[in-house]
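Please read the structure below before turning to the comments.
As the structure lists them, so they are numbered: ligands from 1, and atoms in each ligand from 1.
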Amino acid sequence: MCGIVGYAGREEPQDILLAGLEKLEYRGYDSAGIAVVNEEGLQIRKAVGPLANLRKAIGRERLGGKAGIGHTRWATHGAPSTANAHPHIDMDGTLAVVHNGTIENYAEKKEALLAEGVRFRSDTDTEVAVMLLAKHYRETRDLKTAMDRTTAELKGTYVLVAVAAQEPDRIVAHRRNAPLIAARGKGFNLLASDFSAVLKYAKDVYLIENGDTVVVTPEEITIYDEQDRLVKRELMHIGWDAEAAEKGGFPHFMLKEIHEQPRVLEETVTACLSDHGQVRLEGITFTREELNALHKICIVACGTAYHAGLVGKYVIEKLARIPVDVDVASEFRYRDPFIDEKTLFIAISQSGETADTLEALREAKRKGARILSIVNVVGSSVARESEQVFYTHAGPEIAVASTKAYTTQLASLYLLALYLAEVKGVIAPEEYEDYVRELRALPDKADETLRCAAAVEALARDYYDRDQVFYIGRGLDSALAYEGSLKLKEISYISSFAIAAGEMKHGTIAIMEPRTIVLALATQDRLLEKMISNIQEVKARNAHIIAFTKETNPHMAEQAHEVIFLPVCRDELMPLLAIIPLQLYAYYVARNRGCEIDKPRNLAKSVTVE
Ligand code: M6R
């Protein structure tokens, strides 16, 4: 989704804005632009396509100035084009605005402005904001007051950031439900959609709250709350270093992030296990009484995080014996779910900014549920709106296709399941100890699993041109199938399907063809025999079978055409290891097909619109 960066300081903004936008590329975009205020007025440069096109459009030109704003656009209102790219300017060309999110009442406002003689040049909702801002600026001659009056008229979910030719070292921004941070540097200050854009320059940040208006100058960051009161927000120090958001020698962020999994799992697990082998959930302070009073758990998330939730349901129900519902966040509100104060609502989100997840969380809050979130980005909106937060330790995930966030979400859900099981007294001490032992061993086993990379790369080389791929599995492997299949389709654009293996014969098997590839996930010991029957069913239709199973099942080599053997752990923990070859398969297939792996078409890293 759209990315925003703003700079006010002693240096020329241009290079800092472009470098910041580069770091926001991972969010997904189709055009980019910057606005700089210099002694001649507002300078706007925009281009469709990658940032390289914007750099080319600027060429050797130096724009000078002390303040500027930049934007990467992910089209919502109007096709990708230079006219629709941000920044947008008013009719006099003295005010510029960049915007993330959507303005819901833009059509009505546009009509009124047209009637007043305003002429529009784009199809965007953003242009309505800049024209309104101009109207209020003519009355007030003050950017902050004009911004207040403008945002009072606009409905929706957005961040608006503006500069004015008449106020050459000032940026004014307003946040309404879309992410915004302000970072403090020495002799300069920054604004951005997320940390990655500022990490190279500053690590002390303010998390801008909903309804806040921020005024940024080279010397100061001033924040006003919804009631226009001057407020002091807590300054937060970001522990992530700039290198954590670099490729570190890998050709793609996705491959780097796949390989980081042993380390981030180690960090996630060790943060929650005491020396005596007890699970202590970092950041969770629900009392044992409160947890014992729960009647059910409701997990809500989107995409990969939802797939983690499917595994979570299975494991929490098995270990802690509490009923668990799992919902796709965009659907949750529409089924009027049974939720009350005895429900624990768990939102899972890497970014913590996913609009669907946030709205579901708010609905659960309205219904009185207790709210816990499993989030990666510290201080994100989901984290801030939750009663309690359990942070995963995945570090910055840049590739659009989620990998290390998923495995750390699984690790967190295992820890939570074990914790709840112990609190409820439904797990035998030996079993508890065994799980703890296995959890501690997971990072090493993930490392061992990564050794299959060469074999998976060879498979991908052989089959990357197949246009139909199925992922089948039973029990936890069926949950895993969804995640494996999503990885393949999002980065290689192959039509891939995930299905519970036993369900195929009820219809889907009809579309299987001789060139179909079937990735048969067979990691669950007690379901192995049944899974082998399903493998035979698809084999009989001449599909090509690649099986993924524990190394203790060598006889799988007789059933499937190819097998990837995995290190052994308890069945419940196997999804965390078995996803690794599936991530690698998607990666190498996409690479063989020449796809843009880290920034797949049509997708955005953080989906901040509903
Ligand atoms: O940031 P979130 O975890 O809330 O994002 C949810 C989904 O948009 C995300 O997992 C998406 O499905 C990934 N791109 C999949 O790789």
Side-chain angles (χ1 to χ4, degrees), residues 1 3 25-28 74 177-179 193-196 252-255 257-258 261 299-312 326-332 346-362 373-386 389-392 394-410 412-413 471 479-494 496 498 579-580 582-587 590 595-610:
M1 298 272 125
E25 279 189 293
Y26 77 96
R27 295 167 71 94
W74 189 83
N177 278 327
S193 304
D194 71 51
F195 303 140
S196 49
H252 296 99
F253 279 112
M254 183 179 177
L255 192 61
E257 288 161 5
I258 291 173
Q261 291 178 109
I299 300 181
V300 174
C302 301
T304 289
Y306 167 72
H307 298 155
L310 293 176
V311 174
V326 191
D327 278 84
V328 164
S330 55
E331 288 297 319
F332 177 72
I346 305 181
I348 309 178
S349 177
Q350 186 285 126
S351 62
E353 300 296 348
T354 303
D356 289 322
T357 308
L358 255 175
E359 284 307 325
L361 183 156
R362 289 172 186 151
S373 60
I374 298 179
V375 176
N376 191 41
V377 177
V378 177
S380 55
S381 303
V382 169
R384 281 189 276 166
E385 294 195 28
S386 298
V389 189
F390 185 4
Y391 283 113
T392 52
E397 191 182 62
I398 308 292
V400 165
S402 187
T403 54
K404 59 177 180 168
Y406 174 75
T407 40
T408 53
Q409 283 159 359
L410 290 193
S412 307
L413 287 160
Y471 289 73
L480 180 65
Y482 289 110
E483 177 54 11
S485 170
L486 178 66
K487 285 291 87 77
L488 186 71
K489 71 183 115 189
E490 67 181 330
I491 60 168
S492 75
Y493 317 139
I494 290 175
S496 81
I579 191 60
I580 294 174
L582 304 187
Q583 295 166 342
L584 288 165
Y585 186 75
Y587 173 80
C595 299
E596 231 200 285
I597 294 177
D598 286 336
K599 287 169 271 164
R601 71 182 183 208
N602 302 338
L603 296 180
K605 181 66 182 165
S606 172
V607 185
T608 50
V609 292
E610 277 184 72

*Anything with a heavy atom under 4.0 Å from ligand 1 counts, so go ahead and list those protein residues by chain and number.*
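Lining ligand 1 at under 4.0 Å, by heavy atoms, one finds Cys302, Gly303, Thr304, Ala305, Ser349, Gln350, Ser351, Thr354, Val400, Ala401, Ser402, Leu486, Lys487, Glu490.
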*asked:* Salt bridge or not between Glu596 and Arg601? Use side-chain N to carboxylate O under 4.0 Å.
replied: no
Side-chain H-bond candidate by donor/acceptor type, [X] with [Y], under 3.5 Å:
{"X": "Tyr406", "Y": "His307", "answer": "no"}
{"X": "Gln261", "Y": "Thr407", "answer": "yes"}
{"X": "Ser381", "Y": "Glu353", "answer": "yes"}

_Close side-chain approach of Glu257 to Ile398, heavy-atom, < 4.5 Å_ = yes
*Ser412 (side chain) donor-acceptor with Thr392 (main chain) under 3.5 angstrom*: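 Here the side-chain-to-backbone pair does not exist.
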